[in-house]
Participant: 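Sending over a structure as structure tokens; questions will come in a sec.
Just the heavy atoms: all of them, side chains too, but no hydrogens, waters or symmetry mates, feed the values below. Here the structure is a predicted model, which means the values were calculated and not measured.
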Amino acid sequence: MKQVTIATYNIRHGADVGLDWSRLGEIIRRSGADIVGLQEVDMHTNRVGSRDTLSGMIEATGLPHGLFVPAIDFDGGQYGTAILSRYPMVTAEVQPLSSAGYEPRAFGCVMLETEDGGRLCFLNTHLSYESVEQQSIQFGQIAAWVNANVDKTVPIVLTGDFNTEDFSAFSPVCDLGFSLVNNPETTYKSFRTNPMAIDNIAYRGIEMTPVEQGMIDSDRSDHNLLWCRFEMA
């Protein structure tokens, strides 16, 4: 058996730490994460001084492999999400999501190779907040992509800021066999400003068992980091 720790963290482009990536990296290192999905990531925008946030977070966390997932051309650069991993990315791609005139969204998807040669599919996203109907469409699009592209024998994890604490909204992915770390029985109010359970880790894998999970309460973003340690055969 091996253990893999997954985390999800909306970093609000580093605004709450004065763009000091090391302070965000310390929270991620504290979680023991091997893979983390980040939301609200700026790349080369004016508000982060044109800096490369992905490279900064790779250095701050010690996780050597990264993918930036652009969703919006913004403020002289791009804004979106990112994936950081201890494991090499065998494949990496960006999939746009329907926005219907709202703020554009996307999800990143990577196939990772763990140290024993196993594969783990990892997805990360940040869904629309403006419309419940649009969220439903986006959940459906992610589920359709998974159903068409990921074999059921491959363990898969979906992280993100889903902008909903209505756990029934996850039904398109739960219908594919996913379970939720943040759920009605064990709820983590990860959004700090108006406490809501909008960050989540969804997973599927017949040999993927959560053994420990938690949330790191910190003022370094308007969200707390959510993590889960899995035992994988």
Participant: Can you tell me how far apart OG (S31) and CZ (R229) are? Round to the nearest 0.5 Å.
Facilitator: 8.0 Å
Participant: State, yes or no, whether a side-chain contact exists between V173 and V146 at a heavy-atom distance under 4.5 Å.
Facilitator: no
Participant: Is the shortest side-chain heavy-atom distance between V36 and L63 below 4.5 Å?
Facilitator: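 Answer yes - side chains close enough.
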Participant: Do any N or O atoms from the side chain of N224 and from the backbone of M215 form a donor-acceptor pair under 3.5 angstrom?
Facilitator: no
Participant: Would you check if I142 and L123 make a side-chain contact, meaning some heavy-atom pair closer than 4.5 Å?
Facilitator: yes
Participant: Strictly under 6.0 Å, is that where the ring centroids of W227 and Y9 end up?
Facilitator: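 Here the rings of Y9 and W227 have centres that are no less than 6.0 Å from each other.
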Participant: Hey, any chance V69 and M111 share a hydrophobic cluster, counting ILVMFWY side chains that come within less than 4.5 Å of each other, even indirectly?
Facilitator: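 In one cluster: no.
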Participant: Taking the side chain as everything from C-beta on, heavy atoms only, tell me whether W21 gets closer than 4.5 Å to L24.
Facilitator: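 In contact.
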Participant: State whether the side chain of N183 and the backbone N or O of V181 hold a donor-acceptor pair below 3.5 Å, judged by distance alone.
Facilitator: yes
Participant: Sort out for me which residue in R12, R51, R47 forms a salt bridge (charged side-chain N to carboxylate O under 4.0 Å, His left out) with D42.
Facilitator: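 The option that passes is R47.
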Participant: Side-chain contact test, heavy atoms from C-beta onward, threshold under 4.5 Å: evaluate it for L180 versus N182 and give yes or no.
Facilitator: no
Participant: Checking side-chain contact (heavy atoms from CB on, under 4.5 Å) against Q78, which of D73, T53, I72, T45 comes through?
Facilitator: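 Per the side-chain contact (heavy atoms from CB on, under 4.5 Å) rule, the option paired with Q78 is D73, out of D73, T53, I72, T45.
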Participant: Using the rule side-chain contact (heavy atoms from CB on, under 4.5 Å), only one of I6, T114, T5, L120 pairs with D34; which is it?
Facilitator: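 It is T5; the other options fail the test.
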Participant: Can you tell if the side chain of D161 reaches within under 4.5 Å of the side chain of L127, non-hydrogen atoms only?
Facilitator: no
Participant: Applying side chain to side chain donor-acceptor pair (under 3.5 Å), name anything that partners S136, two or more places apart in sequence or on another chain.
Facilitator: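 Counting only residues at least two positions away or on another chain, S136 forms no side chain to side chain donor-acceptor pair (under 3.5 Å).
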Participant: Kindly determine whether R204 and K152 satisfy side chain to side chain contact (heavy atoms under 4.5 Å, CB included), including the steps that lead there.
Facilitator: CA-CA 8 Å; R204 183 184 74 184; K152 290 183 179 179; 4.2 Å; yes
Participant: Around atom CD of E115, are there more than 12 heavy atoms of other residues, nucleotides or ligands at under 6.0 Å?
Facilitator: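 Correct, the count exceeds 12.
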Participant: Can you name the side chain to side chain donor-acceptor pair (under 3.5 Å) partners of T164, sequence neighbours left out?
Facilitator: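 T164 satisfies side chain to side chain donor-acceptor pair (under 3.5 Å) with no residue once adjacent residues are dropped.
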Participant: Does R29 use its side chain to pair, donor to acceptor, with the backbone of A60 at less than 3.5 Å?
Facilitator: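 Yes; judged by distance alone, with no hydrogens or angles, the pair exists.
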Participant: Between V157 and I83, is there a shared hydrophobic cluster once you connect ILVMFWY residues whose side-chain heavy atoms come closer than 4.5 Å?
Facilitator: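 Linked within one cluster.
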Participant: Among the clusters formed by ILVMFWY side chains lying less than 4.5 Å apart, do F107 and I198 turn up in the same one?
Facilitator: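 Different clusters.
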Participant: Do the side chains of M43 and V48 join up, straight or via other hydrophobic residues, at under 4.5 Å, putting them in one cluster?
Facilitator: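 Yes, M43 and V48 fall within the same hydrophobic cluster.
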Participant: Checking N124 side chain against G108 main chain: does a donor-acceptor pair fall under 3.5 Å?
Facilitator: no
Participant: Is the distance between the ring centroids of Y203 and F178 less than 6.0 Å?
Facilitator: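 No: the rings miss the under 6.0 Å criterion.
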Participant: With a 4.5 Å heavy-atom cut-off, do E113 and M89 have their side chains touching?
Facilitator: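 Counting from C-beta outward, E113 and M89 never come under 4.5 Å.
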Participant: When you compare the side chain of Q213 with that of T186, does any pair of heavy atoms fall below 4.5 Å?
Facilitator: yes
Participant: Run the ring-centre check on F122 versus Y87 and record whether the distance is less than 6.0 Å.
Facilitator: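 No, the ring centres sit 6.0 Å or more apart.
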Participant: Decide whether V17 and V41 are clustered together by the hydrophobic rule: side chain heavy atoms of Ile, Leu, Val, Met, Phe, Trp, Tyr closer than 4.5 Å, transitively.
Facilitator: yes
Participant: Mind checking what makes ring-ring contact (aromatic ring centres under 6.0 Å, His included) contact with H223, not counting sequence neighbours?
Facilitator: F191
Participant: Taking the six-membered ring for Trp, are Y129 and Y102 ring centroids under 6.0 Å apart?
Facilitator: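 Between Y129 and Y102, the centre distance exceeds or equals 6.0 Å.
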